[in-house]
Protein chains: 2
Amino acid sequence: MDIQESIRVAIVEDEQEIRELLEQIIDLSPGFSCKRTFSSCEDALPGLIADPPDVVLMDINLPGMDGISGTGKLTEQIPELNIIMLTIQDDPDLIYQSLCAGATGYLLKDTPPVKLLQAIEEVRQGGSPMSPSIARKVTMSFRPAVNYDLSDREKEILTRLTQGENYQVIAAELFISGHTVRTHIRNIYRKLQVNTRGEAVSTALRNKIV
Amino acid sequence: MDIQESIRVAIVEDEQEIRELLEQIIDLSPGFSCKRTFSSCEDALPGLIADPPDVVLMDINLPGMDGISGTGKLTEQIPELNIIMLTIQDDPDLIYQSLCAGATGYLLKDTPPVKLLQAIEEVRQGGSPMSPSIARKVTMSFRPAVNYDLSDREKEILTRLTQGENYQVIAAELFISGHTVRTHIRNIYRKLQVNTRGEAVSTALRNKIV
DNA sequence: CGGTCAATCGCACATATGAGGTATTTTAAA
DNA sequence: TTTAAAATACCTCATATGTGCGATTGACCG
């Protein structure tokens, strides 16, 4: 392997101490190089878009544009860019937002240097490195949160509501009368504590009921 | 640490060869023990529910009840049970369904023994081990898939549709007339290629537009 | 300068929906 | 076998919705 082929890493991190520490860890490791570091997204974006590195380490808490918005802007321009969030927070909501914005990895800042370097390599090879506790939060996010105690029939009808079918169509497909469909939907709304179709579909999908 | 404290692993796998190979890998490794193996979910469920192991390795393709359904039944009874899917398939849909059913890890069958043991330890410690390519598919699943080219105003209205607000309420909140709301919604429906509120909300949420 | 598009506003009408109530039958559990 | 829950069915009525049409304004672009 050519000496030139070291993985080019860029860092966006506002705290000077951490930034320089990361830079040293990476730059002093064979196979890795860190030529560019930034203390804000505003500084980082133009350069990173013009000449994308192999991997970006992105802090979430930044003055001005936060790391999640920055990640969004970057992936909008360069969808295949590998961005690893590197932060203290393990708030499920921030993890969710980061991944939606296009992050491909998510590490906690207490990650030891060796693991950090492994993660950079892994994301380079098409993986999605995450700290164990983060990965767990991600998998847990797929689970249905609350149990609304819907009957099978109700779930069936709710599914069809999400598909935009109207009362008559549902009735025909399930071989029941439109009146019955209305009654079921009334019960669904009561259990879901909603009173419109839009809310019902929304609650159903967000809670993975269907 | 006590010698008794080895991690108790159970295996559900129909192919005898693979099952016995896994059993050996685990049972011969210090700190791990595999006392129970099954060739079907039907066989496995009663025992696993009665006396849950620390970790379950679950195949997806099984005769009779498949591994995803089995995982669902298990987590219904024991939500905190650690189940690692162990399969050849990396189909995003199966990954999604597995995680929804309650799987906490997902490994490909070509995972080398060392990595497998590491994964078992990791899931035991609250992580969610995944093969790199699987993890990447999981993170990618958070990204908005298709761009429907909605204007900011349209996204704003779409968001409110998902919250079940009616035309008049939306109009009042955005300080525009109900007529305008209708026009926007008409345009949203056209762009999303739907013609009911339920479908619009569904498409919006599934594609992470809002 | 002409063209395009987003955002705004308007009218009319058939149908779908949500909300109120009541009641029978089937299934499952106690 | 009694009871409870789920599934079924019906009625009425005010309002929301989807859709057909047309129109004006302002911003931005070539």
Side-chain angles (χ1 to χ4, degrees), chain A residues 73 76-77 144 146-207 209-210, chain B residues 45-46 49 72-73 76-77 144 146-207 209-210:
Chain A
K73 303 259 185 203
E76 229 171 73
Q77 301 293 320
V146 251
N147 180 23
Y148 288 95
D149 208 38
L150 297 183
S151 71
D152 288 345
R153 199 57 156 173
E154 286 164 352
K155 282 180 193 168
E156 193 158 14
I157 289 176
L158 185 50
T159 302
R160 289 165 202 273
L161 283 185
T162 67
Q163 290 159 4
E165 297 181 6
N166 68 25
Y167 293 1
Q168 294 315 316
V169 172
I170 296 176
E173 287 181 346
L174 298 184
F175 306 108
I176 56 180
S177 86
H179 296 295
T180 307
V181 175
R182 295 176 93 80
T183 306
H184 280 305
I185 289 178
R186 210 177 342 186
N187 291 332
I188 292 171
Y189 285 7
R190 181 174 40 76
K191 291 185 181 177
L192 261 47
Q193 297 183 315
V194 300
N195 39 33
T196 66
R197 202 196 192 94
E199 268 180 301
V201 171
S202 190
T203 304
L205 292 177
R206 286 191 211 277
N207 292 284
I209 299 175
V210 292
Chain B
L45 258 50
I49 291 171
K73 304 259 183 202
E76 231 172 69
Q77 301 293 321
V146 250
N147 180 23
Y148 288 94
D149 208 39
L150 296 182
S151 71
D152 287 345
R153 199 58 156 173
E154 287 163 351
K155 282 181 193 168
E156 193 158 15
I157 289 175
L158 186 50
T159 302
R160 289 164 201 275
L161 283 185
T162 67
Q163 289 158 4
E165 297 180 6
N166 67 25
Y167 292 3
Q168 294 314 315
V169 172
I170 296 176
E173 286 181 348
L174 297 182
F175 305 108
I176 57 180
S177 86
H179 295 294
T180 307
V181 175
R182 295 173 93 79
T183 305
H184 280 306
I185 289 178
R186 212 186 323 212
N187 291 330
I188 292 171
Y189 286 6
R190 181 174 42 76
K191 290 184 181 179
L192 261 47
Q193 296 183 314
V194 300
N195 40 33
T196 66
R197 202 197 192 91
E199 269 181 300
V201 171
S202 188
T203 304
L205 293 178
R206 284 191 211 277
N207 293 284
I209 299 175
V210 293

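Please read all numbers here as calculations on a predicted model, not as lab measurements. Chain naming here is simple, since letters A, B, ... match the order of the sequence lines and numbering starts at 1 in each. All values below were derived from every heavy atom in this structure, side-chain atoms included, with hydrogens, water molecules and symmetry-related copies excluded.
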Near DNA chain C, under 4.0 Å by heavy atom, which residues of residues 162-176 of chain A? A/Asn166, A/Tyr167
Where each residue is assigned the nucleotide of DNA chain C containing its nearest heavy atom, which of B/Arg153 and B/Thr196 is assigned the position nearer the 5′ end? B/Arg153
Quick check for you: name the first and last nucleotides of DNA chain C, 5' to 3', having an atom under 4.0 Å from a heavy atom of chain A. C/dA16 to C/dG21
Once you round to the nearest 0.5 Å, how far does CD of B/Glu165 lie from OG1 of A/Thr196? 9.5 Å
Does any N or O in the side chain of B/Tyr167 come within less than 3.5 Å of the main-chain N or O of B/His179, such that one atom is a donor and the other an acceptor? no
Chi angles and distances behind the side chain to side chain contact (heavy atoms under 4.5 Å, CB included) call for A/Leu192, A/Leu150: CA-CA 9 Å; A/Leu192 261 47; A/Leu150 297 183; 4.0 Å; yes
Atom CZ of A/Arg182 to atom P of D/dC11: distance rounded to whole Å? 12 Å
N/O (side chain, A/Thr180) to phosphate O (OP1/OP2, D/dT8) under 4.0 Å: no
Check the distance between D/dA16's C1' and B/Arg160's CZ and give it to me in whole angstrom. 18 Å
I would like to know whether A/Ile157 and A/Ile185 meet side chain to side chain contact (heavy atoms under 4.5 Å, CB included); could you show each step before the answer? CA-CA 8 Å; A/Ile157 289 176; A/Ile185 289 178; 3.9 Å; yes
Just the rounded figure in Å: distance from C1' of D/dT8 to CZ of A/Arg186. 12 Å
With a 4.0 Å cut-off on heavy atoms, is A/Thr183 in touch with a base, just the backbone sugar-phosphate, or nothing at all? base
Nearest-angstrom distance from the residue atom CD of A/Glu156 to P of D/dA6: 16 Å
Would B/Leu174 and B/Thr180 count as a side chain to side chain contact (heavy atoms under 4.5 Å, CB included) here? Give the steps. CA-CA 10 Å; B/Leu174 297 182; B/Thr180 307; over 6 Å; no
Show your working on side chain to side chain contact (heavy atoms under 4.5 Å, CB included) between A/Thr162 and B/Arg206 and close with a plain yes or no. CA-CA 11 Å; A/Thr162 67; B/Arg206 284 191 211 277; 3.7 Å; yes
Which sits closer to the 5' end of DNA chain D, A/Gly178 or A/Lys191, going by the nucleotide each is nearest to? A/Lys191
Is it true that a side-chain atom of A/Asn207 and a backbone atom of A/Ile209 form a donor plus acceptor pair closer than 3.5 Å? no
If I take atom CG in residue A/Leu158 and atom P in nucleotide D/dA6, what distance separates them, rounded to the nearest angstrom? 16 Å
Relative to the 5' end of DNA chain C, which residue comes earlier, B/Ser151 or B/His179, by the nucleotide with the nearest heavy atom? B/Ser151
What is the nucleic acid contact for B/Arg197, judged by heavy atoms within less than 4.0 Å: base, sugar-phosphate only, or nothing? sugar-phosphate
Rounded distance (Å) that lies between atom P of D/dT8 and atom CG of A/Asp152: 12 Å
Could you give the CG-to-C1' distance, from A/Leu161 to D/dT17, as a whole number of Å? 15 Å
Would you mind reading off the distance between A/Asp149 atom CG and D/dA4 atom P, rounded to a whole angstrom? 17 Å
So B/Asn187 and B/Arg190, do their side chains get closer than 4.5 Å, heavy atoms only? yes
Carboxylate-amine/guanidinium proximity below 4.0 Å for A/Glu156 and A/Arg153: yes
